[in-house]
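Everything below concerns the one structure shown next.
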Amino acid sequence: MPDTLTQASLGTLAAAVRRRLKHVVGARLVPFSLTIQQAWVMLVLLEQGPSSLHPLAQQVWMDDPTASRVVKAMVGRGLLRTQPDPRHGRRILISLTPEALPMAQGVQQIVAGIRASLVQGLSPAQQELLREGLLSMIANLDEMSADSADPAAAAS
C-alpha cells in the first residue's frame, strides 16, 4: 500500500475502496458485457423478484431516471421484461427474462466471490465495526446534503 494511503483520511480511504471495487467488479463483468449498474439490477431482481421502477432504483442506489435508462437498455438486450402490475393499474413490473437467468446466476457467483475476498482477514467483529462506521459516514453525508439543499440551514 502506498504511504499516501496509510495516513489518508477516512474519506480518501473510502474513495480508494470505491475506485478499486469498481475496477475489480467491472473487470469481472467484461465477459457478460454488462455495466456495473446493469449487474446490480440483475442481482436485485434475481434475489428479490420482480419490482417496479422506484423500489428497484432505491435498491441499486440510482435515481429513477437513471434506473429507467438502465432498464430500457436491458429490455432492449432481452435481459429484462416489463409488464403491467396486476395489483396496481399504473405501475409496471420489471423482471428478468428466462434467457437472462443463467447470466444473472453467473453474476451472483462472481459478486459473492468478490464480497468474500473483500472482507478476507477481517473478523466478524471488525466487519460489524466497519459497517457501523460506514453507515455513520453515509448518514453524516446525507445530513450535509440535506443541509446544503436547505438555504435556511446554510445561513444559520
Q) So do Q37 and V71 actually touch side chain to side chain, heavy atoms under 4.5 Å? A) no
Q.
Among residues at least two apart in sequence or on other chains, which ones pass salt bridge (Lys or Arg N to Asp or Glu O under 4.0 Å) with E143?
A. none
Q: Check the hydrophobic clustering (I, L, V, M, F, W, Y; side-chain heavy atoms under 4.5 Å; chains of links allowed) and say if L101 and V41 are grouped together.
A: yes
Q.
Within the 4.5 Å heavy-atom criterion, are R90 and P84 side-chain neighbours or not?
A. no
Q | Distance (rounded to the nearest 0.5 Å) between K72 NZ and T82 OG1 | A | 11.0 Å
**Q.** 4.5 Å side-chain heavy-atom contact, L122 and L130
**A.** yes
(Q) Measuring only between side-chain heavy atoms, which start at C-beta, is I114 closer than 4.5 Å to L21? (A) yes
Q) salt bridge (Lys or Arg N to Asp or Glu O under 4.0 Å) with R87: which residues, sequence neighbours excluded? A) D85
Q | Qualifying residues under salt bridge (Lys or Arg N to Asp or Glu O under 4.0 Å), relative to R131, sequence neighbours excluded | A | E128
Q: Mind checking side chain to side chain donor-acceptor pair (under 3.5 Å) for S136 and listing every partner two or more places apart, or none if nothing turns up?
A: none
Q) Any idea which heavy atoms bring F32 and M103 closest together, and the distance? A) CD2-CG, 3.4 Å
Q: Kindly state each residue pair satisfying side chain to side chain donor-acceptor pair (under 3.5 Å) with at least one member in residues 62-71, sequence neighbours excluded.
A: H54-D64, D63-T66, T66-R69
(Q) Just verifying a value: how many Å separate I94 CD1 and L79 CG, rounded to the nearest 0.5 Å? (A) 13.0 Å
Q) Can you tell if the side chain of R28 reaches within under 4.5 Å of the side chain of V107, non-hydrogen atoms only? A) no
(Q) Are the side chains of I92 and L53 in contact, using a 4.5 Å heavy-atom criterion? (A) no
Q) Minimum heavy-atom separation for Q38 to A73, with atom names? A) NE2-CB, 4.2 Å
Q. What closest approach, in Å, do A39 and L29 show between heavy atoms, and which atom pair accounts for it?
A. CB-CD1, 3.6 Å
Enumerate, atom names and distances included, each donor-acceptor pair closer than 3.5 Å involving a side-chain atom of residues 44-52, sequence neighbours excluded.
unit_1	atom_1	unit_2	atom_2	d
E47	OE2	Q108	NE2	3.2
Q48	NE2	Q59	OE1	3.3
S51	OG	L56	N	3.4

Q) Are L93 and P86 close enough that some pair of their side-chain heavy atoms sits under 4.5 Å apart? A) yes
Q: Please report the shortest heavy-atom distance between R115 and W40, naming the atom on each side.
A: NH2-CZ3, 4.3 Å
Q | Single-linkage hydrophobic cluster M144~L135, side-chain heavy atoms < 4.5 angstrom | A | no
Q.
Side chains of T97 and R81 only: does a donor on one sit below 3.5 Å from an acceptor on the other?
A. no
Q: Could you tell me which non-hydrogen atom of K22 sits nearest to which non-hydrogen atom of I36, and how far apart they are?
A: O-CD1, 3.4 Å
